[in-house]
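Below is one structure, written out as structure tokens; the observations come after it.
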Amino acid sequence: MLKINIFRLFPRAVAAASLLAFVAACAQSQTATDEWPTVTSPVVQDPAMEARIAQIVAGMTLRQKIGQMTQADIRSITPDEVREHYIGSILNGGGAWPQGNKHATVKDWADLAGAYYRASMTTDMAVQIPVIWGTDAVHGHNNVFGATLFPHNIGLGAAHDPELVGRIAAETARQVRATGITWSFAPTVAVVQSPRWGRTYESYSSDPALVRDYAHAFVRGLQGDIAGPDAVMASVKHFIGDGGTHGGIDQGETRAPLADLIATHAPGYYGALEAGVQTVMVSYSSWTDSKAGASHGKMHGNRALITDVLKGRLGFDGLVVSDWNAIEQVDGCTKAHCPQAVNAGIDLFMVPDDWKAFIDNTVADVEDGAVPMSRIDDAVTRIIRVKMRSGLFEQSPVPAADRSGAIASDDGEALAREAVAKSLVLLKNRRPGLFPLPRDARILLVGRGADSVVAQLGGWSLTWQGDGTDDADFPQADDMLSALRKAVSDGGRVDFSVDAAGVDPRDYDVVIAVLSETPYAEMKGDIRLPGTLRHSDRYPQDLAVLKAVSGKGVPVVSILYSGRPVYANDLINRSDAFIAAWLPGTEATGIADVLFGDRDFTGRLPFDWPGAACPESSARPVLFARGHGLRAAETAKLRELPLDKVASCPMLDE
Ligand code: GLC
């Protein structure tokens with residue numbers, strides 16, 4: 001295909017047009033920044049450091065500068081190429097491991113980090129600039145074999161415990177640093193408006209105030225004093241409004257007045273900025289100011305919000321990173337070329353595979369005048385500033401040899417077990433005295449989630465989607481079956497049957513049914529209209545197993561692993577007790593601790609729980625309001641819930 005690059009044929013004309021477009025865009029998408037509350041970061045600029053940074057930038061060539069602004073995936077770049085192209089950052093996307101080995105050891109990770117670091121420090125530059133490695137450690141160091149995986153954010157939101165979140169972040173930082181990595185793309189501070197979104201479980205809550213407190217605690221826990229040996233740079237994401245898209249469509253359009261964008265979707269950024277967060281990741285989504293009737297397009301091209309608000313009004317002086325190939329979604333851009341995104345204020349570009357073309361195209365943009373050198377210098381200054389603050393210039397990220405062992409630890413497992421226990425929400429209990437279960441009980445355990453570690457982990461667990469793995473990939477984990485068997489006394493017993501076929505519940509004292517979603521991540525987890533939120537529409541075997549065991553005079557305790565609140569009246573009706581367990585991670589022992597009374601049920605809903613299969617169009621959209629949650633001793637005589645028979649939902653207005 002003949003590709004004509006108009007930047008080459010008519011450079012001056014295109015440059016002038018681009019600059020005019022750039023100025024016009026600034027004017028058009030000008031957001032009244034004074035509507036945004038101000039915020040102060042505890043991290044103040046060090047004049048000596050700033051002078052050193054300016055001196056380094058002044059000594060760099062254009063290609064070296066653009067190389068610094070480039071982030072490539074470890075599957076697409078070698079250490080030698082990092083050296084040759086002056087690459088500023090690398091990442092391991094979900095499912096990327098050293099040498100493509102899912103069971104790579106901590107030492108394998110640390111050795112690879114050392115190879116990339118040494119390559120970045122042996123370029124022909126006047127001053128060497130260390131590469132920084134970013135990873136999605138979003139519920140522990142979840143890409144690494146053997147790591148302790150904590151509950152996903154939705155479960156932490158149910159715990160309503162910022163101090164716990166801070167401890168989890170600190171333990172996660174310890175695990176991440178053990179592998180030679182110093183940057184994590186967390187926390188997600190989305191304030192989810194629809195559980196249809198496939199990333200609902202990455203959100204703490206629909207309560208902006210809780211998200212703000214959690215963001216602060218997480219960033220403080222992960223970054224610590226920023227330059228310490230266990231410090232990991234945080235990345236608050238995805239700026240801004242990712243959780244508010246129309247219909248809960250991933251990477252979709254958030255329609256909200258500016259005042260709502262600020263009040264609902266911004267609090268997590270304020271919490272993170274007040275904790276000194278050093279990086280911000282931009283959202284795939286777009287924003288339409290529904291009050292002003294103004295479409296501001298994809299966030300990756302939104303200069304008013306990234307530069308005028310985040311960097312100007314809010315004073316953010318760290319680096320802004322794009323999301324995975326997200327620049328291609330900006331009008332007129334490709335995954336390897338987007339002057340609009342550079343001019344919008346993005347500093348570091350996650351161009352996992354097409355990084356060579358991105359460098360060439362962006363160098364040409366500067367040479368053609370489509371991107372001013374001042375913008376490039378601002379970006380490189382920010383990138384070096386974050387690296388220098390984090391100590392990378394003074395110390396290799398490769399941990400001392402004694403740290404290259406396993407990363408799971410007794411303390412980490414105990415912390416995860418505590419978090420699981422605190423995350424559980426007892427939605428229903430109609431049997432006084434049901435809890436705590438006696439340890440000598442005869443237990444029938446059923447359901448597709450009961451002996452599946454994979455089901456309790458969800459997405460971002462060794463792989464992006466949480467698929468392509470099995471329990472053998474998580475030898476450190478306990479599923480519900482092993483957790484119960486560890487918890488019962490000699491007189492007790494636990495028999496497992498996935499579907500209760502040929503089993504008589506009347507031979508047991510209690511039935512425990514573990515229901516679950518199948519893991520997913522991002523857009524693959526979206527429940528698009530006209531689909532309903534009815535769990536048993538997507539997982540009929542869960543309703544089938546409850547039909548098999550309920551109504552036999554033996555109490556049924558249902559436990560649901562899900563990444564979101566779902567419509568489950570049909571399941572709740574067939575349960576004496578119903579527990580939302582979210583995506584608990586590797587330590588199902590935390591669930592057993594609550595069932596047998598070592599801990600009480602303290603979790604409370606972080607989101608409303610649906611009372612209809614199509615909440616958007618129902619007069620009774622909520623069954624349990626956010627904040628609902630029973631203690632073990634509480635019994636609520638829940639009436640037989642009405643069964644919404646609707647098979648599909650009406651589409652929303654476009
Ligand atoms: C993904 C996600 C983002 C993640 C990034 C790197 O698409 O949107 O949250 O940090 O890519 O894996």
Side-chain angles (χ1 to χ4, degrees), residues 70-77 89-97 132-144 152-154 172 176 181-192 197-204 211 215 218-219 222 232-245 248-252 254 265 268-269 272 277-286 298-300 319-330 335 341 346-355 458-467 519-526 563:
T70 304
Q71 180 182 64
D73 184 87
I74 60 171
R75 291 165 286 198
S76 301
I77 194 165
S89 180
I90 56 175
L91 83 150
N92 60 290
W97 315 286
I132 187 167
W133 183 337
T135 190
D136 292 282
V138 295
H139 63 133
H141 201 0
N142 39 262
N143 292 288
V144 179
H152 270 293
N153 287 352
I154 191 170
T172 301
V176 170
I181 298 173
T182 64
W183 181 19
S184 176
F185 304 132
T188 294
V189 295
V191 180
V192 172
W197 191 33
R199 306 192 73 165
T200 295
Y201 66 82
E202 296 185 64
S203 170
Y204 293 120
V211 173
F218 188 92
V219 171
L222 196 75
V232 168
M233 294 303 100
S235 190
V236 62
K237 68 184 187 182
H238 310 78
F239 187 82
I240 186 172
D242 52 347
T245 57
I249 295 172
D250 187 43
Q251 306 183 8
T254 292
H265 300 289
Y269 295 92
V277 70
Q278 290 298 296
T279 84
V280 175
M281 185 182 292
V282 180
S283 179
Y284 282 107
S285 54
S286 60
K298 283 288 182 175
M299 276 305 305
H300 276 74
L319 71 85
V320 176
V321 62
S322 65
D323 204 336
W324 184 279
N325 285 328
I327 57 175
E328 68 179 339
Q329 296 187 23
V330 176
K335 63 175 75 169
I346 295 176
D347 305 305
L348 181 66
F349 289 80
M350 191 184 295
V351 279
D353 308 307
D354 301 86
W355 50 273
W460 301 102
S461 301
L462 275 184
T463 64
W464 176 44
Q465 291 293 322
D467 61 356
Y520 50 79
E522 301 193 52
M523 71 294 291
K524 292 183 183 282
D526 281 3

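Whatever order the structure lists them in is the order used to number ligands and atoms, beginning at 1. Everything numeric here is computed off the predicted structure, so don't read it as measured data.
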Discussion item. Minimum heavy-atom separation for Tyr284 and Trp324, please, with both atom names.
Written reply: OH-O, 2.7 Å
Discussion item. Give the atom numbers and elements of ligand 1 that come within less than 4.0 Å of a heavy atom of Met281.
Written reply: 3 (C), 10 (O)
Worksheet entry | Cationic N near anionic O, under 4.0 Å, Lys237 to Asp136 | yes
Worksheet item: Which bit of Arg199 is near ligand 1, meaning a heavy atom under 4.0 Å away: side chain, backbone, both or neither?
Response: side chain
Discussion item. Tell me the closest heavy-atom pair linking Thr172 and Ala137, and the distance in Å.
Written reply: CG2-CB, 3.9 Å
Discussion item. Please tell me whether Asp242 and Ser285 have a donor and an acceptor in their side chains that are separated by less than 3.5 angstrom.
Written reply: no
Discussion item. Between Asn153 and Ser203, is there a side-chain donor-acceptor contact under 3.5 Å, judged purely by atom types and distance?
Written reply: no
Worksheet item: Relative to the heavy atoms of Trp324, which atoms of ligand 1 are at a distance of less than 4.0 Å?
Response: 7 (O), 11 (O)
Worksheet item: Out of Leu91, Asp136, Val321, Asp242, who gets a non-hydrogen atom closest to atom 4 (C) of ligand 1?
Response: Asp136
Worksheet item: Near Phe185, which atoms of ligand 1 are under 4.0 Å from a heavy atom of that residue?
Response: 10 (O)
Worksheet entry | Any side-chain donor near an acceptor of the partner, Gln465 and Trp460, under 3.5 Å | no
Item to complete: May I ask you to check if ligand 1 and Trp460 share an N or O to N or O distance below 3.5 Å?
Response: no
Worksheet item: So His152 and His139, would you call those rings parallel, tilted or perpendicular, with 30° and 60° as cut-offs?
Response: parallel
Worksheet, complete the sentence: Of all protein heavy atoms, the one nearest atom 11 (O) of ligand 1 is Asp323 OD1, 3.1 Å
Item to complete: Have a look at ligand 1 and work out which part of Trp464, if any, has a heavy atom under 4.0 Å from it: side chain, backbone, both or neither.
Response: neither
Worksheet item: What do you reckon, does Glu202 have a nitrogen or oxygen under 3.5 Å from a nitrogen or oxygen of ligand 1?
Response: no
Worksheet, complete the sentence: If you scan protein heavy atoms around atom 1 (C) of ligand 1, the nearest is Glu522 OE2, 3.2 Å
Worksheet item: Does an N or O anywhere in Lys237 fall below 3.5 Å from an N or O of ligand 1?
Response: yes
Practice prompt. Under 4.0 Å from a heavy atom of His238: give me the atoms of ligand 1 that qualify, with their elements.
Written response: 3 (C), 8 (O), 9 (O)
Discussion item. Working note: Val321 + Trp183, criterion side-chain contact (heavy atoms from CB on, under 4.5 Å); need CA distance, chi angles, decisive distance, verdict.
Written reply: CA-CA 12 Å; Val321 62; Trp183 181 19; 4.1 Å; yes
